[in-house]
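As structure tokens, the structure follows; a few thoughts come after it.
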Amino acid sequence: MEAFHTLSIEETLKVTESSPSGLTEAEAQKRLGHYGPNSLPESKTKPLLLTFFEQFKSPIIIILLIASTISFIIGEVVDAWFILAVLGINAVIGTYLEHSAAQKAQALKSSVKTYANVLRDSQISRIEAKDLTIGDIVLLESGDKVPADIRLIESRDLMVDESLLTGESVAVKKSAEKVFEDIELPVADQSNMLFAGTYVTSGRGKGVVVAVGLQTQIGKIAEMLAQKSKAKIPLIERLERFSKNIAIAVTVASVFLFFIALYRHMEIAEIFFLILALFVSAVPEGLPVAITVALAAAAVAMSKRNVIVRKLAAIEGLGSCTIIATDKTGTLTENQLHIQEFITPDKVIKDPQEMSETIAKTLVVANEAHMSKKESISSLEGDQVDVAFAMFALKKEPSFETLLESKRVDVMPYESAKKMSGATIKDNEGYLHVIKGSPEVILDYIDINEDEQRQLMDLIDQKAANGYRIIAVAKANSNIADIETLLKQKQFEWIGFSAIVDPLRDGAKEAVKRCQQAGIAVAMITGDHPSTAYHIAKELEIAMSPEEVMDAEKLNRWAENGSDPKEIADKRVFARVAPAQKLQIVQAFQQLGEYVAVTGDGVNDAPALKFANIGISMGRSGTDVAKESADLILTDDAFPSIVNGIEEGRRAYDNIRKVVHLLISTGFAEIILVLLSLIFSTPVPLLPIHLLWLNLVTNGIQDVALGLEKAEPGILNRPPRSPNEAIFNTVMIKRIAIGGLYMGVVAFGLFYYLLNAGYETDSARNLTLMLMVLFENVHVFNSRSEHLPMFKINHLQNPLLILSVIVAQGVHTAALHIPFTQKLLSVEPVPMRVWDELLLLAFGLVLVMELEKYIRKKIEVW
Ligand code: ADP
Ligand code: MG
């Protein structure tokens with residue numbers, strides 16, 4: 001490959017057979033066919049086989065494998081095969097569930113596409129980054145991810161974050177004019193080049209694509225990057241650690257058991273199986289898979305409600321969210337900007353026709369909107385503010401369209417940090433400079449006395465108080481071409497200001513209300529004028545009094561005086577916020593103990609998005625930087641979608657609790673059963689093979705089904721859960737203890753009674769096993785709600801759950817009748833008469849759990 005940093009712009013265009021007006025569409029297509037798509041091979045989901053083998057990594061499975069081996073050695077061949085078969089089936093199911101969950105997550109992730117503005121047939125169009133090819137001319141602005149390796153041909157204040165490639169986190173300056181001699185120049189020093197995967201942090205650039213896909217610098221190290229270990233989801237990690245702790249506890253307990261059993265002259269083989277039984281019952285091996293499935297299901301449900309989950313871990317956090325700090329423009333409002341009035345010192349222009357050509361001209365100069373053709377329909381594209389200005393001006397003078405395209409002598413691109421933009425064009429003999437932006441900033445460059453200034457600001461305040469977005473315009477004619485010099489002279493002439501309407505988004509008000517009912521505060525963070533912001537906040541009932549507004553002056557004072565969190569505790573509108581202050585606000589809220597979700601779209605929002613508990617970016621208007629820093633992406637940019645996300649997040653967390661409740665309480669019951677038999681010196685009530693059967697065969701699918709439950713009614717009417725609250729909170733522990741005790745004690749009672757009544761051990765075990773299967777199937781329904789009484793649950797909303805119970809009960813009942821399983825499990829059919837009695841005992845469990853709910857509710861009311 002050529003060393004493009006050593007070539008001049010002309011040479012580069014020649015080598016790439018391109019031109020400043022770009023490739024033709026036909027040529028681009030031809031080259032795409034030749035060079036292939038501009039994409040890196042997808043980081044593959046784990047190979048199926050690996051997922052399969054990983055199913056055997058848990059300690060419990062290893063212990064069971066050892067057990068199977070020992071069974072072979074001591075001649076229990078059937079048992080040994082059974083253990084292997086169960087493990088095999090279990091691993092297949094686990095592999096399937098995990099793999100499809102991973103695929104879903106991957107599909108969602110790749111639904112977030114990157115686009116690039118490209119010049120083809122002299123037209124700017126927005127195409128998917130993967131469709132770029134060598135020779136394409138690409139336009140870049142702050143916040144963009146560089147889509148390919150590019151030799152710059154134009155640049156303006158261009159700064160790029162190349163940390164991905166060079167590890168250097170400070171943005172570096174880029175410039176098209178440079179040409180280097182040293183062919184071996186390190187990538188980090190090639191300042192006339194842009195590299196795929198890096199980010200534009202400010203400024204604008206234009207350049208030729210010189211390498212795509214695997215040929216790019218990042219492509220060469222793509223494999224290395226793909227190997228970066230993926231962090232596990234904290235929730236799953238915690239539960240895996242929990243399982244491990246149980247395994248350790250059981251191991252320690254086993255040592256004691258071993259000696260007690262020896263003391264009681266039990267056979268070694270029997271002791272071994274007893275300990276094995278304890279392991280099988282105590283360790284919740286189904287948990288990680290069931291939770292993975294629940295989280296993947298939540299991610300899919302969210303995507304249907306316009307929320308793309310980038311980090312599964314964020315789902316858990318959504319339930320703890322106590323405050324949403326949201327953008328105004330585009331999130332609470334439509335971002336469909338329309339100039340209602342343009343107010344000059346002499347008159348208020350409502351109809352563009354009433355405006356002079358001179359004014360119309362100024363409106364298109366400092367303007368980055370451009371004509372874009374899609375399927376032969378031309379439309380104005382770009383920043384909505386610029387589009388609104390251009391539309392207004394073109395209604396007066398359509399020919400000014402050429403001014404949008406014309407080569408500017410000088411440009412000062414809009415950056416939200418500066419809150420203004422500027423541009424210079426040649427005009428008659430001299431130059432016309434135009435600046436536009438927030439009035440406070442523009443007034444700085446204008447030569448008027450304090451009185452006039454105050455009058456203007458009063459007028460602007462009045463307009464802003466009606467919710468209008470205000471943008472001021474000023475111009476200067478001069479012989480000097482350089483806009484910076486002009487700005488220093490502060491001799492601009494005030495043209496006027498626009499009153500722009502930006503309608504509220506449909507459903508925004510209801511969504512704010514839903515948040516407030518759910519105990520989640522809503523705050524607005526905006527770069528806009530305080531009066532504009534307050535007007536909109538009041539309409540949405542985000543703020544009720546001006547006391548809740550922080551304007552620029554207050555904000556700056558607050559930020560400079562140590563940003564004391566207490567001072568902003570009850571503020572709900574933050575206006576004229578500088579990008580760095582957004583992070584400060586997020587941090588202050590966090591210091592107040594809030595769990596903060598923050599939205600952002602700009603390049604400067606990345607730190608706040610990363611630092612917040614939940615970072616939310618915009619799918620449409622968001623910059624690539626913002627998207628990659630976020631946990632969630634809103635595909636419709638709309639505030640109501642955040643609330644949907646929160647609802648789904650709470651539901652997922654509830655469901656995970658349901659799974660945990662079912663698995664842990666039945667495991668606990670089994671431990672009690674085994675322990676009681678030790679205490680009362682009876683034979684073990686259930687053989688390890690029975691426990692395996694219970695945990696892996698009959699209980700294998702209910703837990704997954706529980707993870708797919710619908711939201712309980714009123715899920716958004718309760719306060720957020722404390723982020724520090726463990727899954728095992730008091731309610732959970734109590735419910736597990738009560739349910740587990742009932743099941744364990746009653747099952748042992750039955751076994752004990754049967755033995756004393758003269759039943760053979762095998763027959764007593766048969767009935768005890770049956771009771772445990774019934775318990776599990778009944779307990780699935782107990783697990784459906786921690787609060788709602790059984791009769792208030794809609795039992796038909798989760799067909800899979802019902803099906804899983806029917807199948808589990810069916811499989812077990814069948815096993816009682818099939819000779820092979822009869823022999824294997826030492827079971828026999830249960831007479832009808834006994835069924836009734838067992839069912840009665842099982843429904844006792846419902847009664848007990850319902851009683852617990854009822855009493856807990858009464859106590860809460862007191
Ligand atoms: P918001 O928080 O509402 O998105 P922004 O940060 O986008 O606000 O804008 C802040 C201010 O910057 C606006 O009130 C306006 O005065 C100015 N501004 C916004 N867009 C432009 C633009 N394209 N050109 C010049 N000034 C702009
Ligand atoms: Mg904005």
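Just follow the structure's listing: the first ligand is 1, and inside any ligand the first atom is 1.
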Within a distance under 4.0 Å of any heavy atom of [X], pick out the atoms of ligand 1 and give their elements.
X    : value
G437 : 16 (O), 25 (C), 26 (N)
D383 : 23 (N)
G527 : 1 (P), 2 (O), 6 (O), 8 (O), 10 (C), 11 (C), 14 (O)
D386 : 23 (N)
S438 : 16 (O)

Should the proximity of [X] to ligand 1, defined as any heavy atom under 4.0 Å, be assigned to the side chain, the backbone, both, or neither?
X    : value
D528 : both
E368 : neither
I470 : backbone

_K436-ligand 1 polar pair, N/O distance under 3.5 Å_ =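 By distance alone, the answer is yes.
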*Using distance alone, determine whether M420 and ligand 1 share an N or O pair under 3.5 Å.*
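No; every N/O pair is 3.5 Å or more apart.
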*Could you tell me whether ligand 1 has any atom less than 4.0 Å away from a heavy atom of R576?*
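R576 counts as a contact of ligand 1 under the 4.0 Å cut-off.
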Would you please say whether a donor-acceptor pair under 3.5 Å links the side chains of [X] and [Y]?
X    : Y    : result
R310 : S617 : no
D386 : H370 : no
S142 : E415 : yes
N367 : R408 : no

*Would you mind finding which of N367, T333, T329 brings a heavy atom closest to atom 1 (P) of ligand 1?*
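Residue with the shortest heavy-atom distance to the ligand atom: T329.
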_Residues in side chain to side chain contact (heavy atoms under 4.5 Å, CB included) contact with E141, at least two apart in sequence or another chain_ =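 Checked E141 against side chain to side chain contact (heavy atoms under 4.5 Å, CB included); matches are D144, R204.
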*Does the side chain to side chain donor-acceptor pair (under 3.5 Å) test come out yes or no for N613 and E594, once each step is laid out?*
CA-CA 9 Å; N613 302 89; E594 304 275 8; over 6 Å; no
*Does the distance from a Lys or Arg side-chain N to an Asp or Glu carboxylate O, for R572 and E548, drop under 4.0 Å?*
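Salt bridge: no.
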*asked:* Using the rule given for side-chain contact (heavy atoms from CB on, under 4.5 Å), can you reason through K509 versus L504, listing the C-alpha separation, both sets of side-chain angles and the distance that settles it, and then say yes or no?
replied: CA-CA 8 Å; K509 189 167 175 176; L504 291 184; 5.8 Å; no
